[in-house]
There are 2 protein chains.
Amino acid sequence: MNNATHQGIRDAIRTRIVSGEWKLGDLIPGEVDFAAHYGCSRTTVNRALQALAEEGIVERKRKGGTRVRPMPAPQAQFRIPIVREQVESLGHAYATKVLKREIELPPLSLRSDMQLPAGTQCAYLESIHLADDQPFAFERRWVNLATVPSFVDANLHELSANEWLVKTVPFSRGDVSLSGTSADNQLAEMLQIQNGAALFTMDRTTWFEDRSVTRMTLFYRQGYRLSFEI
Amino acid sequence: MNNATHQGIRDAIRTRIVSGEWKLGDLIPGEVDFAAHYGCSRTTVNRALQALAEEGIVERKRKGGTRVRPMPAPQAQFRIPIVREQVESLGHAYATKVLKREIELPPLSLRSDMQLPAGTQCAYLESIHLADDQPFAFERRWVNLATVPSFVDANLHELSANEWLVKTVPFSRGDVSLSGTSADNQLAEMLQIQNGAALFTMDRTTWFEDRSVTRMTLFYRQGYRLSFEI
DNA sequence: GAGTGGTCTAGACCACGGT
DNA sequence: CCGTGGTCTAGACCACTCA
């Protein structure tokens, strides 16, 4: 009982909860009790229970003690996939090609999504992502040149636009939304699928501090699924 | 400098990273250095840096030190939405109706998805979720009666199948996959949309220990988007 | 081998929130 | 009030991994 690590204790307590030893909403023992039971210090138990709280398994309140969450909050944590990694992890050769690259005034809907003042110039790109030379995803992207003026000179032959931006504007918030889209004429042609086919689609706007950096829409080839565990 | 908490230090270091004080891939100071700099113990710095590692901001290696992630791992964390809550948070009245409820032998594909031995009986349900009496989502669900035999007697008038299962089989792993689907005849009729429309679709299999509990597919009404922040 | 992170401990004090 | 979790400390030992 003395080789107790905070991870081991966390797993042990989680197992006891899952097994039904305590029911939903039940109060479970306090830190000192667990410390005595597992023969370790309270600090270690504290870490274990805090981790379980982060997992959403338990709720903790001072004086109120620790209780099993009445309705487990099913939190999913998954990495937003990077297309290159997705393709390579499937064992295919990855390639990408910029099909169009222009400087334009963005459409009105984009002005509100990206909070652009009137007259802001944007770069507009269309790219195709290939897996073993087969279309994997099609990308439409706007880049806010007020935030990232150097993008106009970016060399996108060695790095994709996404990778270039990540390297240049490191950490940012992002809004993501997932949806299903019917393929229009251009998408059908680009992805070599039937017009009207249902595509899994990811929209993503990223921000550096309070300024928008880029908004992209990624249309995955037909049949693509985004899978993860909870 | 002596009111240093692990959260405060975490925020301070994160700010210094975001501000560009250290670049992508750079080695940042060690725990003892930070402890001296912020006037706190190494333990506290350790917690702060471990938290940053969980956030995906830094990578840590023994002997190798702590460095800013070369390519930030954009981790998304979001709650798998419960349909009732989605509808209610949009300000609509929620209702659900079970349209079909049978005991059947599952199709072959399900036998492998849910790891069912041959001959396992399952409950099959079709339900519609309504927002202000308009179709919001259509659900097909299989329940493994070997794992949850009491489901045959479940009263699904007060609780939805999902809520009943969550209350009865508390904590479970789950596999989720998101995709786009074309509406077939039944879906088009149920959701009152055009045949072939692109729908956002969520498949979810949940497990209790090593046994499958249920597999459901949720077809959202046309135009639905799942949004979250990273 | 030596430097770094990973972890545990025992004790201490604080902050919150039911009673 | 007082019990509970939240946190910090100082020191210690271990484990990994790079040079």
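Letters A, B, ... mirror the listed sequences (proteins, then strands); counts begin at 1.
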Practice problem: Compare side-chain N and O positions of Gln50(A) against OP1 and OP2 of dG5(D) and report whether any pair is under 4.0 Å apart. | Solution: no

Quiz prompt | Any Thr5(A) side-chain N or O less than 4.0 Å from OP1/OP2 of dG6(C) | solution = no

Practice problem: Determine whether the side chains of Gln222(A) and Tyr220(A) contain a donor N or O and an acceptor N or O closer than 3.5 Å. | Solution: no

Quiz prompt | Side-chain H-bond candidate by donor/acceptor type, Tyr224(B) with Gln86(B), under 3.5 Å | solution = yes

Quiz item: Just checking, is any N or O donor in the side chain of Ser127(B) or Arg141(B) under 3.5 Å from an acceptor N or O on the other one?
Solution: no

Quiz item: Taking atom types as modelled and ignoring hydrogens, do the side chains of Gln50(B) and Asn46(B) form a donor-acceptor contact shorter than 3.5 angstrom?
Solution: yes

Practice problem: Could you check how far CZ of Arg67(B) sits from C1' of dG5(C), rounded to whole Å? | Solution: 14 Å

Quiz prompt | Interatomic distance where CD1 belongs to Ile9(B) and P belongs to dT7(D) [whole Å] | solution = 12 Å

Exercise. Enter the distance from Glu59(A):CD to Leu49(A):CG here, rounded to the nearest 0.5 Å.
Key: 13.5 Å

Exercise. Measure from CZ on Arg10(A) to C1' on dT7(C) and round the result to the nearest Å.
Key: 14 Å

Practice problem: Using a 4.0 Å cut-off on protein heavy atoms (strictly under), produce a 5'-to-3' string for nucleotides 11-19 of chain C with B for base contact, S for backbone-only sugar-phosphate contact, and - for none. | Solution: BB--BBBS-

Self-check item: Phosphate OP1/OP2 of dG5(D) contacted by Asn46(A) side-chain N/O (<4.0 Å)
Solution: no

Quiz item: Excluding sequence neighbours, so at least two apart, what forms ring-ring contact (aromatic ring centres under 6.0 Å, His included) with Trp22(A)?
Solution: none

Exercise. To the nearest Å, give me how far apart NE2 (His6(A)) and P (dG5(D)) are.
Key: 19 Å

Quiz item: What integer distance in Å separates Leu49(A):CG from dT7(D):C1'?
Solution: 15 Å

Quiz item: Between Asp175(A) and Trp207(A), is any side-chain donor less than 3.5 angstrom from a side-chain acceptor?
Solution: yes

Practice problem: Select one nucleotide: of dG5(D), dT9(C), dT7(C), the one nearest the side-chain heavy atoms of Arg47(A). | Solution: dT7(C)

Quiz item: For dG6(C), does OP1 or OP2 lie under 4.0 Å from any side-chain N or O of Gln7(A)?
Solution: no

Practice problem: Please report, rounded to the nearest Å, how far the C1' atom of dG3(D) is from the CZ atom of Arg60(A). | Solution: 14 Å

Quiz item: Only one of Asn144(B), Thr147(B), Val213(B) clears side-chain contact (heavy atoms from CB on, under 4.5 Å) with Thr206(B); which?
Solution: Val213(B)

Quiz item: Checking Arg101(A) against Phe151(A): charged group under 6.0 Å from the ring centre and within 45 degrees of the axis?
Solution: yes

Exercise. Under 4.0 Å from any atom of DNA chain C, heavy atoms only: list the residues of residues 26-36 of chain B that qualify, in numerical order.
Key: Gly30(B), Glu31(B)

Quiz item: Between Glu59(B) (CD) and dG6(C) (C1'), how many Å, whole number?
Solution: 17 Å

